[in-house]
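All residue numbers refer to positions in the sequence shown, counting from 1.
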Amino acid sequence: MTELLLFGAFFALLLLNQPIAIAIIIATFVSMVASIDVLPALTTIAQRLVAGVDSFALLAVPFFILSGYLMGSGGIASRLIDFAMALVGRLPGGLAYVNVISCALFGSISGSAVAATSAVGGFMIPAMEKSGYSRPFSSAVTVTASTVGMLIPPSNILIIYSLASGGVSIAALFIGGYLPGLLVTFLLMTAAAIYLKRTNQVPKNTIAIKPFWTAFIGAIPSLALVVLVIGGIICGFFTPTEAGAVAVLYSFVLAVFVYRQISHDDIYPLLLQAVRTTSIVMLLIAASSSMSWLLSYQAIPQAISNFMLALSDNPLYILLIINLVLLVIGTFMDMTPAVLIFTPIFLPVAESLGISPLHFGIMMILNLSIGLCTPPVGSVLFVGCSIGKVSIAEIVKPILPLYAAMVVALGLVTAIPAISEFLPNLLGL
């Protein structure tokens with residue numbers, strides 16, 4: 001009865017367009033009151049709200065958020081585009097590949113798919129249209145490729161998954177995301193090439209391409225952030241939280257003193273944006289902590305685990321069911337609350353079948369990344385349509401093969417744990 005009341009109240013509040021954090025807290029409170037008194041329910045929720053954000057590892061989140069804003073406004077997009085252009089711009093259909101690679105690089109460095117869509121799409125979509133690509137196709141490529149940054153570190157959502165899972169190594173998650181991220185990038189480029197061939201589009205590049213080494217040298221300071229953060233964590237020079245602070249310092253120096261794209265007057269608005277975003281994320285984490293406590297107290301994950309294991313003991317069959325559920329969840333719920341709510345529910349099921357939390361986490365993030373570019377709540381989709389000046393109806397046809405590429409990548413990552421686990425195992429993480 002408690003679980004029906006909990007999820008019923010939660011989804012009813014979502015339908016009433018209530019903020020997700022508020023919906024979680026109210027649904028949890030109503031469910032608690034049904035089984036215990038009001039005062040103990042209020043006390044427990046208050047305790048869990050505080051305990052949910054009382055974590056040293058979570059200090060990395062505001063640091064990486066601020067670093068993302070600094071890099072996003074610091075002029076790195078144009079340099080990454082120049083590098084991608086020198087890398088693949090001369091190939092047939094090269095601007096589509098440039099768009100994919102630029103979005104993936106920018107998304108990983110900034111840690112934000114929306115920022116990647118805005119920064120890269122603002123330049124690449126008009127440039128691709130001028131070169132003969134259709135605007136809906138250009139927008140679709142930007143939207144789907146921007147989500148790759150959720151897998152390639154530094155990624156805030158991987159840190160949040162580490163918290164929700166009970167302490168999976170952040171360093172292992174960071175390293176484990178590389179091969180799946182590269183796989184998605186390759187499959188998106190392949191899908192773009194097939195779409196261009198089938199629609200008989202023969203665009204020609206009208207953008208000047210810099211010599212490779214000139215473009216590479218120009219992009220080195222931006223790309224060095226990933227090397228600095230990941231290399232420092234792997235070599236043991238600093239923890240993921242300390243790596244976030246290092247990323248902020250490096251981003252600040254690069255954007256203000258090297259690229260000189262951020263003036264002193266821009267710093268306060270950027271700090272304010274970072275504080276607002278951090279506040280939203282932390283409130284979601286705190287609220288989800290109270291719901292997770294109630295789920296554990298009522299043994300709901302164990303009940304769901306027993307039910308699913310009664311259906312089959314085949315790991316792939318169970319993972320298929322979980323993936324289908326998460327694909328539906330991702331269409332109407334943002335990634336952060338989805339990870340916080342459903343990790344405690346589905347991870348015990350996966351672990352009981354011998355699936356590692358690392359493999360499950362990468363699979364889950366890739367799955368929910370698809371939801372970022374799926375209506376009705378896909379934030380990246382709506383930003384991409386706004387930047388590209390196209391409607392949802394116009395973007396549907398070109399985005400379908402790109403969706404298919406992401407689903408294929410999800411299937412491969414689900415069926416082949418080594419894609420996620422090879423590099424962490426190789427490095428002893």
Side-chain angles (χ1 to χ4, degrees), residues 64 66-91 93-131 133 138 141-142 145-146 148-149 152-155 178 181-182 185-186 188-189 192 203-232 243 246-264 266-267 270 387:
F64 281 120
L66 178 56
S67 171
Y69 278 118
L70 288 168
M71 295 298 278
S73 303
I76 68 169
S78 60
R79 291 164 176 85
L80 292 176
I81 290 171
D82 286 342
F83 172 59
M85 188 76 69
L87 199 63
V88 296
R90 293 180 175 85
L91 298 174
L95 283 189
Y97 310 148
V98 170
N99 197 344
V100 172
I101 293 174
S102 300
C103 286
L105 289 174
F106 190 91
S108 65
I109 291 173
S110 68
S112 170
V114 171
T117 303
S118 179
V120 177
F123 175 82
M124 286 302 303
I125 293 174
M128 289 178 70
E129 184 182 30
K130 187 181 296 185
S131 297
Y133 299 81
S138 305
V141 170
T142 305
S146 296
V148 178
I152 302 177
S155 170
Y178 273 110
L182 292 174
T185 301
F186 172 75
L188 286 175
M189 292 169 66
K204 294 182 180 179
N205 181 20
T206 60
I207 304 175
I209 300 178
K210 294 182 179 180
F212 175 80
W213 289 111
T214 301
F216 178 64
I217 291 171
I220 282 178
S222 302
L223 298 172
L225 174 65
V226 176
V227 177
L228 178 66
V229 169
I230 304 304
V246 171
V248 170
L249 178 62
Y250 181 85
S251 303
F252 179 81
V253 171
L254 188 65
V256 176
F257 298 108
V258 179
Y259 291 160
R260 297 183 180 181
Q261 297 291 314
I262 296 178
S263 67
H264 295 295
D266 298 325
I267 294 175
L270 285 174
I387 296 293

Could you measure the distance from the [atom1] atom of [X] to the [atom2] atom of [Y]? Nearest 0.5 Å is fine.
X      : Y      : atom1 : atom2 : result
Phe257 : Ile262 : CZ    : CD1   : 11.0 Å
Ile387 : Thr142 : CD1   : OG1   : 9.5 Å
Leu95  : Glu129 : CG    : CD    : 12.5 Å
Asn99  : Ser146 : CG    : OG    : 7.5 Å
Ile217 : Asp82  : CD1   : CG    : 13.0 Å
Leu66  : Leu249 : CG    : CG    : 11.0 Å

How close do [X] and [Y] get, counting heavy atoms only, and between which atoms?
X      : Y      : value
Leu70  : Ser251 : CB-CB, 3.8 Å
Gly218 : Arg79  : O-CD, 3.7 Å
Ala96  : Met128 : CA-CE, 3.8 Å
Ile152 : Gly181 : CG1-CA, 4.0 Å
Val98  : Ala84  : CG2-O, 3.6 Å
Leu270 : Tyr69  : CD2-O, 3.9 Å

Sorted by chain and number, sequence neighbours left out, ring-ring contact (aromatic ring centres under 6.0 Å, His included) with Tyr259 holds for none
Is there a side-chain contact between [X] and [Y] in this structure, where contact means two heavy atoms from C-beta onward sitting under 4.5 Å apart?
X      : Y      : value
Val141 : Tyr133 : no
Tyr178 : Pro153 : yes
Ile267 : Phe252 : yes

The residue among Leu223, Val229, Val227 that forms side-chain contact (heavy atoms from CB on, under 4.5 Å) with Leu225 is Val229
Quick one: does Tyr250's side chain have a donor or acceptor within less than 3.5 Å of a partner on Pro221's backbone?
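Side chain of Tyr250 to backbone of Pro221, a donor-acceptor pair under 3.5 Å: yes, one is there.
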Pair Asp266, Ser263: side-chain N/O donor-acceptor within cut-off below 3.5 Å:
yes
